[in-house]
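Bear in mind that the values here come from a model prediction, so they are computed numbers and not experimental data. Lettering follows sequence order; numbering is per chain, from 1.
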Amino acid sequence: MDAFVWDERYETGERDVDAEHRELVRLINELPALISSQADATDIARVLDRLIAYAAEHFANEEALMAAAGCDPAFCARHAAVHREFADKVGEMRHAPANSGELEYLLNFLTSWLAQHILGMDKSMGRQIARMRAGATAGEAWAEEEKLRADPATASLLEAMGSLYRIISQRNDALSALNRELESRVAERTLALQESNRKLLESEHRRATEARRHLQRFLSQIIDGDPVPTLVIDENHRITHWNRACATISGLPAERMIGTNEQWRAFYPSARPIMADLIVDGSLSVHFSTYYQDNHRRSDTIPDAYEAEDFFPELGDDGMWLYFTAAPLRDANGRIIGAIETLQNVTARHRAQQALLDHQAQLETQVATRTAELAEANRKLAREQAELTQLLRRVEDTQQQLLQSEKMAAIGQLAAGVAHEINNPVGFVNSNLGMLKTYAGQLLTLIDAYEQGDTACLEQARKAADLDFLRQDLPALLAESQDGLNRVTRIIQDLKDFSRVDQAERQRADLNAALESTLNVVRNEIKYKADVTLALAPLPEVDCYPAQINQVFMNLLVNAAQAIPERGRIFVRSGVDRDRVWFEIEDTGTGMSEETRRRIFDPFFTTKPVGKGTGLGLSISYDIVVKKHGGSLDVSSTPGEGSCFRIELPVTRQNNSASP
Amino acid sequence: MSRILIVDDEASILKSLQRLLRHAPCSYGNQHFPLEVVTTTSAHEALAFAHQDDFDLFISDYRMPEMDGVEFLKAAKAIQPDAARLILSGYADLNALLRAVNEVGIERFIAKPWNDYELLSAIGQALAHRNLQRENRQLADLVRLEMGDKSAEELEAERLERIEPGITHVDWGPDGSVVLDPDLLKDD
């Protein structure tokens, strides 16, 4: 917002004068913005200077205009006096201290003064000049103005303004005086302050020195009291700190060490740089490998610090393991001004480690011994296992032999029957043939006698041949012999049927036929004991190992016959029950007790006299029927009445049945 | 004339043996044995024959339905202890053989199929042996009689005992009666 709002009431009618007034107003209007924005005092001063300079120029132009127009000299003098008064006032105020209150006041003064001056003196000047141009004399124009002044309203206003300016003026003077007094007092005060300041500085310096000393003492105490052996050297490698722990560990007292650069004495028999020295020299990388080989490393926690661990035979009674850390000390600019080195006695740890290593070595020895023992035990076990395997093989062999012997026993049983059955016909056929030879000889003799026609001879030959008997006996002899041979043939055929090689394979077989062929073979054995009654129902072909099933049939039939003490009956039945075929072999033998019945399927269990059975027949039969064919083998028995064995077999192969 | 009783469950065997023995004379050394052959397929029937007639030789099969050869010969021995005994069998295990030798005291074991000559000489030998024994005993008896060791009554009793074993023994009952059949006594 402008401090001074221009309008046409301020126009004097003189074009140059109005233009200059406008410029002054513009300059004044620059000030409020600067003041309110707390602008730099120099900016305000600059504007003020321009304002003063421009005012002076403007006043000169007005005075020149008045002189040129030939204004009344009295008026010119008064006008010029007002100008000078203003210039002085402003000049004074300009040098006063420029606080914002003063500036506000100056601004008010400038606007008020300029408004009053333009409205009063300058407009009066304009009117006089206008009148003189209209032909009036200077005196007349001035007189006219004087009349205006006589106008009470204008006069009192102008008077009031004039007095206002005087008051302002006086106040200004008073202010100046006050200012001067203040300045002198400030000067005095400044002097006093300087004095006290000096004193303060002195005391502060003393205090700072004290604090530094205290800090140093404190630091020394910290270092000295640190249980970790610590030494500090400065940039010239001189020892500055050598704490108690360090003295204890090295056996060198601090008094002897501090200030010297013989820090090596603590650790080495001859002079050489310690780690702190290398850090101070900054020659770490070059010399570390020389002095510390590979057992040093950069610290993880402290920048530029190094750590190393080494054994020092000079220290302590039996030498000492030290873990030492050296770190650079730097000033505020980062320049290295020394180094601190701490030492830790890690001998105990090393001893422990060594003990551990020894222990470990011992353990390893033990482990090695133990391993050797174990290996030995292992070998022994392997040997034993081999022996066991061999034993097992022998057991298996024995089992095989047992199975074989069971088979042989069964076959022996068979052979008894078969041998008897074959030997009988062979016996009589052979004997018959012998007789036939005799008969043939007699007949031939008879024929010879006939041919010779000698009656006596003929009669003798007829008598010898007993022709009547021959006629009767010869056909019988031949028929019987033929019958005998037929029987042998049939027995052989039965045996072949029973032991067909192809029946060892798994196949679909007519088990009724198998049962009959088995029965044919065994019949010779059992016919002396029992009459066999067959009741076989038609059966589907069964998926099985026929040879094995034959063996089961044979076992059961022979057992049945053997169970009969004198003579009895054996019933053989078969049938189908859904997807299973069944066979029953029942005898009218002695039967068996419950105790016996429970054990008959156990291997080697037998009730037969020594040499009659191996005790394996039923065990093997059970194995064949139940395990290999997925069937069942049951027995019911009543002592004194007989036993009945029942076989059931699935018609189709069972998935879970094992291979033979 | 020597009497032979043959038992075999096989009729054809019996017939072939009859043929053989009808023709071929049994001889041992210079002894000749004309034979009278009795055959049967049943051991029971054979024992019945043994009770009725004297036989010089029993020949039995081993495996037979009613009883085996050893049992039969044992029974026959009880009836006619002086008769010789042979087994003619197609098969016999060791047990059967042991029993035959130990329990029955057989003269020979002849295997089927047999050799005709062997069979004949075995029969001849058995009969000759039996004759020898019989002759021996007669001579011994004569000697004992002469020496006075045995009376003629005792010898007669022994002879009777041989013909009918047990005939000279009297079974006295508790009440003084003579027990002819102990089984009857039991039934009471």
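Surrounding NZ of B/Lys74 are at most 12 heavy atoms belonging to other residues, nucleotides or ligands under 6.0 Å away. The number of heavy-atom neighbours closer than 6.0 Å to CD of A/Gln493, taken from other residues, nucleotides and ligands shown, is above 12. Atom CG of B/Asn30 sits in a sparse spot, with 12 or fewer heavy atoms from other residues, nucleotides or ligands closer than 6.0 Å. Open room surrounds CD on A/Glu566; 12 or fewer heavy atoms of other groups in view lie less than 6.0 Å from it. Environment of CE in B/Met147: sparse, with no more than 12 heavy atoms of neighbouring residues, nucleotides or ligands closer than 6.0 Å. Other residues, nucleotides and ligands contribute at most 12 non-hydrogen atoms within 6.0 Å of the CD atom of A/Gln460.
To the nearest 0.5 angstrom, A/Asn423 atom CG is 12.0 Å from B/Glu10 atom CD. To the nearest 0.5 Å, atoms OG (B/Ser16) and CG (A/Leu436) are separated by 12.5 Å. Summarising the geometry, atom CG belonging to A/Asn424 is positioned 9.0 Å from atom OG belonging to B/Ser12; distances are rounded to the nearest 0.5 Å. Here CE of A/Met435 is found 11.0 Å from CG of B/Leu17. Values are rounded to the nearest 0.5 Å. If you take OG on A/Ser481 and NZ on B/Lys15, they are separated by 10.5 Å, rounding to the nearest 0.5 Å. Atoms CZ and OG1, on B/Arg22 and A/Thr438 in that order, are 11.0 Å from each other to the nearest 0.5 Å.
For a residue to count as touching a neighbouring chain, one of its non-hydrogen atoms must lie under 4.5 Å from one of that chain's; by this rule B/Asp68 does not touch chain A. Neither the backbone nor the side chain of A/Ala530 has a heavy atom closer than 4.5 Å to any heavy atom of chain B.
Side chains of B/Lys112 and A/Val426 form no contact here, defined as non-hydrogen atoms less than 4.5 Å apart.
Heavy atoms only, all atoms of each residue included: B/Arg19 and A/Asp473 are closest at NE-OD2, 2.7 Å. A pairwise comparison of heavy atoms in B/Asp116 and A/Ser431 identifies OD1-OG, 3.2 Å as the closest pair. For the pair A/Tyr528 and B/Met64, the tightest heavy-atom approach, listed with the atom from each and the gap, is CD2-C, 3.5 Å.
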